[in-house]
S.K.: 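Sharing a structure with you now.
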Amino acid sequence: MPQTPDPRPASGILAKVPILLILCVAALGAFTLRDHLSFEALARHRETLIGWRDAHFVLTALSFGLAYAGIVALSLPGATIATLTGGFLFGVFPGVLFNVTAATVGAVGIFLAARSGFGARFAAQMQERGGQVARLQAGLRDNELSVLFLMRLVPVVPFVLANLIPAFLGVRLSRFALTTFLGIIPGALVFTSIGAGLSEVFARGATPDLSVIFAPHILGPILGLAALAALPILLKRYRSLP
């Protein structure tokens with residue numbers, strides 16, 4: 001009897017298609033979309049955007065959310081401009097809610113693509129092989145919520161890598177989504193607030209001062225939240241000492 005072809009290789013290749021497509025689009029977008037997803041582009045189209053918002057608020061909000069989620073999911077340049085646009089169009093609230101929700105949806109999208117393409121297999125292989133990566137994987141699992149919150153609150157790790165690394169290390173989707181949504185709120189609130197004041201910036205012909213996030217009254221509370229997130233890790237480390 002003829003043997004039935006093994007479907008697993010084909011399914012494995014198909015599983016890699018989403019993340020490979022995302023990487024290709026990200027590389028292409030880095031060169032072709034930078035001028036279109038910029039503050040200057042927002043300034044040029046502000047009247048059109050405001051007109052659409054006033055005439056079709058729900059449609060504009062949905063379109064904005066889909067566009068923002070797409071920017072994040074495809075790792076395109078312009079996430080900061082998208083956050084400013086959310087504040088400019090919708091105010092601090094509901095703008096910050098739209099921004100955080102869209103960014104989380106996009107992050108979950110690339111997380112799932114990476115996990116289905118390479119992440120699940122990579123995580124299993126690293127656990128079997130042992131070594132430094134396996135220890136990192138075990139350490140992340142022991143302090144999953146705290147580590148994921150820290151990655152979002154203190155953006156030392158670029159946002160794109162913060163979406164990919166958990167997928168490669170076997171983080172659960174529910175915890176990834178929760179810590180992403182809650183962890184990006186402080187930063188999103190700051191940039192949404194800046195966006196809400198863009199009308200005055202446009203009137204002066206200036207550009208927004210994004211360095212405000214490093215001001216002590218902004219950075220201090222964020223670092224305080226990061227310290228609270230790190231506290232369980234430190235307590236576990238202290239209790240494990242002989």
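All heavy atoms count here, side chains included; hydrogens, waters and symmetry mates do not.
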S.K.: Show your reasoning for whether side-chain contact (heavy atoms from CB on, under 4.5 Å) applies to F176 and F181.
M.R.: CA-CA 9 Å; F176 174 82; F181 185 88; over 6 Å; no
S.K.: What heavy-atom pair brings V96 and F93 nearest, and what distance separates the two atoms?
M.R.: CG1-CD1, 4.3 Å
S.K.: Please determine which of T179, L150, L182 meets the side-chain contact (heavy atoms from CB on, under 4.5 Å) test together with L145.
M.R.: T179
S.K.: Is there a side-chain contact between L84 and L198, using heavy atoms and a 4.5 Å cut-off?
M.R.: yes
S.K.: Once you round to the nearest 0.5 Å, how far does CZ of R46 lie from CZ of F39?
M.R.: 8.5 Å
S.K.: Answer with yes or no whether the side chains of T83 and Y68 bring together a donor and an acceptor at under 3.5 Å.
M.R.: yes
S.K.: How about L89 and W52: do any of their side-chain heavy atoms sit closer than 4.5 Å?
M.R.: no
S.K.: Can you give me every donor-acceptor pair (side chain of residues 155-168, partner residue at least two apart or in another chain, under 3.5 Å) with its distance?
M.R.:
residue, atom, partner, partner atom, Å
N163, OD1, R152, NH1, 3.3
N163, OD1, R152, NH2, 2.6
N163, ND2, F159, O, 3.2

S.K.: Does NZ or CZ of R53 fall inside the cone over F90's six-membered ring, less than 6.0 Å from its centre and within 45° of the axis?
M.R.: no
S.K.: Once you round to the nearest 0.5 Å, how far does CD1 of I110 lie from OG of S75?
M.R.: 3.0 Å
S.K.: Can you list the steps and then say if V154 with F149 is a side-chain contact (heavy atoms from CB on, under 4.5 Å)?
M.R.: CA-CA 8 Å; V154 184; F149 270 125; over 6 Å; no
S.K.: If every non-hydrogen atom of A177 is compared with every non-hydrogen atom of T104, which pair is closest and at what distance?
M.R.: O-CG2, 3.8 Å
S.K.: Donor-acceptor pair, distance only, cut-off 3.5 Å: does the side chain of S116 make one with the backbone of A113?
M.R.: yes
S.K.: How close do P186 and L153 get, counting heavy atoms only, and between which atoms?
M.R.: CG-CD2, 3.8 Å
S.K.: Supply the atom-to-atom distance F98 CZ to L62 CG, rounded to the nearest 0.5 angstrom.
M.R.: 8.0 Å
S.K.: Distance check, rounded to the nearest 0.5 Å: L148 atom CG versus T180 atom OG1?
M.R.: 7.0 Å
S.K.: Using salt bridge (charged side-chain N to carboxylate O under 4.0 Å, His left out) as the criterion, list what pairs up with E47, not counting sequence neighbours.
M.R.: none
S.K.: Grab the two heavy atoms, one from A82 and one from N99, that are nearest each other, plus how far apart they are.
M.R.: O-OD1, 3.8 Å
S.K.: State yes or no: do L173 and M151 share one hydrophobic cluster built from I, L, V, M, F, W and Y residues joined by side-chain heavy-atom distances below 4.5 Å, directly or via other members?
M.R.: yes
S.K.: Hydrophobic cluster membership, with links at side-chain heavy-atom distances under 4.5 Å among I/L/V/M/F/W/Y: are V105 and V100 in one?
M.R.: no
S.K.: Do L66 and L97 belong together in a cluster built from hydrophobic side chains that touch within less than 4.5 Å?
M.R.: no
S.K.: Which pair of heavy atoms, one from G70 and one from L76, lies closest together, and at what distance?
M.R.: O-CD1, 4.5 Å
S.K.: May I have the step-by-step check of side-chain contact (heavy atoms from CB on, under 4.5 Å) for F88 and I50, ending in yes or no?
M.R.: CA-CA 9 Å; F88 173 65; I50 291 174; 3.5 Å; yes
S.K.: Rounded to the nearest 0.5 Å, what's the gap from CD on E144 to CG on L169? Could you check?
M.R.: 9.5 Å
S.K.: Can you tell if the side chain of L49 reaches within under 4.5 Å of the side chain of F64, non-hydrogen atoms only?
M.R.: no
